[in-house]
Amino acid sequence: MIQYVWLVPVFPLIGFLINGLLGKKISKNTVSLVGPGSVGLSFAWVLGCFWEYLHLPAKAKPVEVFVFNWITSGTFNAQAAFLVDPLSLVMLLVVSGVGFLIHIYSVGYMHDDPGYARYFSYLNLFVVNMLILVMANNFLLMFVGWEGVGLCSYLLIGYWYEKQSASDAGKKAFVVNRIGDFGFLLGIFLIFYTFGTVNFREVFAQAHNFPVGSAILTIITLCLFVGATGKSAQIPLYTWLPDAMEGPTPVSALIHAATMVTAGVYMVARCSALYVMAPISMTVVAVIGLATAFMAASIGLAQNDIKRVLAYSTVSQLGYMFLACGVGAFVAAIFHLMTHAFFKALLFLGSGSVIHGMHGEQDMRKMGALKNKMPITYAVMLVGTLAIAGIFPFAGFFSKDEILFKALTDGHVGYWAIASLGAMMTAFYMFRLIFMTFYGEKRWDHHVHPHESPPVMTIPLIILAILSTVGGFVGIPLIQGWNVFHEFLAPSIAHVAAGHEVHHSMTFEVMMMLVSMGVAGIGIFIAYKMYIKQPELPAQVTAKVPGLYDLIYNKYYVDEIYDATVVEPIKNGSVFLWQEADSKVIDGAVNGTASVVDRLSLVIRKLETGYVQNYALGILIGVAVITGYYLGR
Amino acid sequence: MNFPILSILILLPMVGVALIMMLNRENQWVIKGTAMAVALLEFAVSLPLWFWFNSNTADMQFVELYPWVPSYGISYYVGIDGISLLLVLLTTFITPICVLACWEDVQDKVKEFMICLLFLQTGMIGVFVALDLFLFYVFWEVMLIPMYLLIGVWGNPARRIYAAVKFFIYTMVGSLLMLVAILVLYFYHAKVTGVYTFDLLKMYGLKIPFEMQFWMFLAFGLAFAIKVPMFPVHTWLPDAHTEAPTVGSVILAAVLLKMGTYGFLRFNMPLFPEAAWYFVPLFSILAVIGIIYGALVSLVQVDLKRLVAFSSVSHLGFVMLGLFSYTMAGVQGGIIQMINHGLSTGALFLIVGMIYERRHTRMIADFGGISKVMPVFATIFMIVTLSSIGLPGLNGFVGEFLILLGAFKANKAYAIMAATGVIFAAAYMLWMFQRVMFGVVTNEKNKNLKDLSMREVVVLLPVLLFIVWIGVYPNTFLEKTKASTANFVAMMEKSKATKVAAADVIMKGDQR
């Protein structure tokens, strides 16, 4: 099956074409069959490939499947070809698996939307591009998927295009991502001129020929990371992601939580061979990741829109993944990427179920006491929350703990401390979400009748809840030889200075686990205290530190700062260029020349009197002058 | 292959002109039908060029050489290589689309309109296939007249005369200097070799002193730079585009602008290679300025056509940057981008024309929410927009990527600055799209707009086909340009050494 792995993106591509071109003509049931069905086929095919890959002899791995030469010019060649290795397989499983569940869920969630077929065609197109992104065997093809998912993100954020805020958010996402892509593109140029190829394996095989810390590798990895900050919403390019919540909630779950936004993490992990040679870049990645994790978590503390909380939470969790990459724990990053895909998709879909049941209400201040109205939604969201908060034995516990542990053992106590503080905030804001939504008094409007969602929505939720519960066990860190995930991924990932691996005592590991559980526990306790025990407390707290609260509530005013320092100056400058430089100076000069010629010719025209005598006089004078000149010489 | 395809391509539209002249002007449909038939036949005749073209040689193919005015060394000398092949095909491809596009649009003086269109086609084909400088100049000037008429007669009544005159005078200023330079070249060739000839390929072999190259490059360069148009001689373009009828804008964007970039590649660079190296910084910087400036100014336009016009300045800046990189990727990318721009911007003008026909306004502010009322139109418009902003998988990306790749090799600073244009392109195109297509329909007049008719879809579909084809499998087209580009790059590389020496002479001369 691996030889036909290109079918994996082809299935949803066919789905895209059918729903996109014929969507209006075919029945809704057909659309519902084609949309999720095509992704289901992909998932099945990926499972088959996975199974086959496990049984391949070692020397046949990894597999590259060539399809055709895409762009060839001189010595440059970018293939349309796919790389099947452990890393891409993990990503393929996550993308097609979670993607499939979210497609099914969408059948229920989007059921009454007039643009039903359009929605599924976009969603299928997204899956196509995401699959290309993770399967590409070279940087340029990866870039195709990279921009392609950006396009679908744009289309789906602005799906309800009649809403100004939605189309604004879509455009913002695309343009901000383009800033990141600019860095990615420069990275590709540098890679080609440094290595003479853009093929992953050929590039990585040459990486060790460079000295550790070489300038060119540092610049390349930093350029690529600029791309990652755009796609994966890290400082300074994260501002588009919270706005992206304008899209339908399943889109937020699939694109803006589980898959697309993790593309940056995937890319950094994919390029681990380059990053480990560039310590400065590693530090940058770690620091940016850590700062984003912390900052986004702090913003999450004060948001009231259920999706916004989750959005900032996503930004924050992505920060943790980059922190992991930055300290060299690439496998931990991918591990967290996977568990995060489970529990964050779950949380988003759960919030969608809430919003669905609440007739579109997203403000948590207007919810409360939904526990009994939506028991399944409540249960699965609690699972997701426990997972993200890092409570044993849920999936997030293992992956987050591993990141914190790696940060600490790598000698970065500071990283560890800040990341732990972030984890505490995570536990707090997530339980705040649970308490505000499902507990306390009902605060919804009288015309709202909350109800549980239909099975087509709850079944995917339950499956994701199971994955969020047991998904972490593939990467149990304690027992040597039992960490299946590490072992499986090892061939795809490079290590920092081989042989550096230090084994810590099991007691130390267990102790650290308890510490991180304790940290989460504190966060949960505070949330419990503030939102269950003493509901008057939040108001008192905010009153005590109004400045800080405003700052956080208004997301540190970063959007406003960007507007004032970048967007507005560019707009004003452009108006100046157009109306002053172009119209007045350049065109003014052109028209000026014309009018000078015009006026001159008016003068000259007076000489053209039409009287032969005048001309004769002129000729005479001319002759006289010329003769005089020659005679006088 | 003695079949004179190129001559047929040049003459066939003139046959069409003669036919239409004989038709009764009342019979509009017959006139349109005849024009359409001729344009389609022309396209059919041009197809063998594609299939019979030998991609493995940089030599001129389909050559026809007949003495014309032997006493002055003027000959009828035509032929194509990998550089002109695609441009000729673009011309024959876009003309039937244009005829079909103006099927209902043009009501007034249909006969003259079609005559102009076909006459223009002869000129355009001629410019791309002429290998004799005199012949080239004839076609170059011939083409000016029908375009002038298209703008001046069928343009937007308010400002069409201003725009037409501006277009004409701008172009003439450049052309006259070029004519002088052609004559100088002609006499120089005679002085050196004793042979009076306008044969371009013979001129290639001339060893022209650097100082002379310097002035000649500028004289030719100005004519072509105006046509491209490069910053700062671009200001005729927004006026011409805005005032021209839809079809005029399409041809202007798709084909006429390419004559500038083609001119650099065919004449300036190979004829005066040392000067071409010398001028790299100047022209690259102007190209980069054009890219960014065009994009920024596009951002704040309120008129759709003007926005697309300024975006052309930006796109053509990319082409120039690629050509002046003298690298395989840069030049191949430049050629592909000429085609891409023809397709995407041509399609954009068609699209703007379609909406203009319905609403008789081009102001962005008059629209909003059109997606809802015209879903088919919205889809096609979206794809073309994405092609224009260089989304991978569509044609624009291939061109821009190769250009930047080549430019990056030549000079990192230029390439990096140019690459920011990619960001701005997304900003101005998507913002425009948002304001026109998204939101709620607020303007009463937009509530009942009809979606695209079958004819309009047929007009746009062929363009879409190539937008996707070039994006997904560009090698079909890159293959055709390979040998000629490699030959060009090798020639430029060879002259690089002499250029350094020549520049030294200049430097010393200055010190003296």
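What's counted below: heavy atoms across the whole structure, side chains too, no hydrogens, waters or symmetry copies. Proteins come first, then strands; the chains are lettered A, B, ... in the order of their sequence lines, and each starts at number 1.
- Using a 4.5 Å cut-off between heavy atoms, B:Leu386 touches chain A through its side chain atoms alone.
- For B:Trp431, the parts sitting under 4.5 Å from any heavy atom of chain A are the backbone and the side chain alike.
- Your options are A:Gly74, A:Ala166, A:Gly115, and the one with the most heavy-atom pairs under 4.5 Å with chain B is A:Gly74.
- Although no hydrogens or angles enter the test, the distance criterion places a donor-acceptor pair under 3.5 Å between the side chain of A:Trp70 and the main chain of B:Gly471.
- In this structure, the portions of A:Asp168 lying under 4.5 Å from any heavy atom of chain B include both its backbone and its side chain.
- Side chain to side chain, B:Glu479 and B:Ser55 fail the donor-acceptor criterion of an N or O pair below 3.5 Å.
- Only the side chain of A:Tyr193 comes within contact range of chain B, with heavy atoms under 4.5 Å apart.
- Contacts between A:Ile132 and chain B at a heavy-atom distance below 4.5 Å are absent for every atom of the residue.
- A:Asn138 contributes a side-chain N or O that, together with a main-chain N or O of A:Gln79, makes up a donor-acceptor pair within less than 3.5 Å.
- Residue B:Thr420 touches chain A through both its backbone and its side chain, counting heavy-atom pairs closer than 4.5 Å.
- Ranked by heavy-atom pairs shorter than 4.5 Å toward chain B, the options A:Val575, A:Thr72, A:Val144, A:Leu186 are led by A:Thr72.
- Between B:Ile339 and the options B:Ile470, B:Val398, B:Asn395, a side chain to side chain contact (heavy atoms under 4.5 Å, CB included) holds for only B:Ile470.
- Neither the backbone nor the side chain of B:Val489 comes within less than 4.5 Å of any heavy atom in chain A.
- Between A:Phe143 and B:Phe397, the ring centre distance stays below 6.0 Å.
- Contact of B:Phe401 with chain A is made through backbone and side chain together, with heavy-atom distances under 4.5 Å.
- Chain B forms the most heavy-atom pairs under 4.5 Å with one residue out of A:Phe192, A:Phe174, A:Tyr154, and that residue is A:Tyr154.
- Both the backbone and the side chain of B:Ile416 come within contact range of chain A, each with at least one heavy atom under 4.5 Å from a heavy atom of that chain.
- Of the two parts of A:Val590, only the side chain, counted from C-beta on, holds a non-hydrogen atom closer than 4.5 Å to a non-hydrogen atom of chain B.
- In this structure, chain B has heavy atoms under 4.5 Å from both the backbone and the side chain of A:Ile71.
- Both the backbone and the side chain of A:Ala581 come within less than 4.5 Å of a heavy atom of chain B.
- Neither the backbone nor the side chain of A:Leu141 comes within contact range of chain B; no heavy atoms are under 4.5 Å apart.
- Judged by distance alone, with hydrogens and angles left aside, the side-chain atoms of B:Ser388 form no donor-acceptor pair with the main-chain N or O of B:Val384 at under 3.5 Å.
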task: Verify ring-ring contact (aromatic ring centres under 6.0 Å, His included) between A:Tyr116 and A:Phe120, making sure each step is shown before the conclusion.
output: CA-CA 6 Å; A:Tyr116 194 68; A:Phe120 274 106; 5.1 Å; yes
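- Of the residues considered (A:Gly573, A:Ala78, A:Ser574), A:Ser574 shows the highest number of contacts with chain B, using heavy-atom pairs under 4.5 Å.
- Annotation: side chain to side chain donor-acceptor pair (under 3.5 Å) contacts of A:Lys24 (sequence neighbours excluded): none.
- When A:Asp582, A:Leu190, A:Asn177 are compared by the number of non-hydrogen pairs under 4.5 Å with chain B, A:Asp582 comes out ahead.
- A heavy-atom distance below 4.5 Å is found between the side chains of A:Phe189 and B:Leu404.
- Side chains of B:Val300 and A:Gln579 form no contact here, defined as non-hydrogen atoms less than 4.5 Å apart.
- Side-chain contact of B:Thr485 with B:Gln332: a donor-acceptor pair under 3.5 Å is absent, judged by distance alone.
- Of all the heavy atoms in B:Ala329 and A:Ser73, the pair that sits closest is CA-OG, 3.3 Å.
- Interface remark: B:Leu391 contributes backbone and side-chain atoms alike to the contact with chain A (heavy atom separation under 4.5 Å).
- For the pair A:Arg178/A:Glu147, a side-chain contact is recorded, criterion being any heavy-atom separation below 4.5 Å from C-beta on.
- Of the atoms belonging to B:Leu478, it is side-chain heavy atoms, and not backbone ones, that fall under 4.5 Å from chain A.
- Neither the backbone nor the side chain of B:Lys482 comes within contact range of chain A; no heavy atom of the residue lies under 4.5 Å from a heavy atom of that chain.
- Contacts between B:Tyr428 and chain A at a heavy-atom distance below 4.5 Å are absent for every atom of the residue.
- In this structure, no portion of A:Phe576 lies under 4.5 Å from any heavy atom of chain B.
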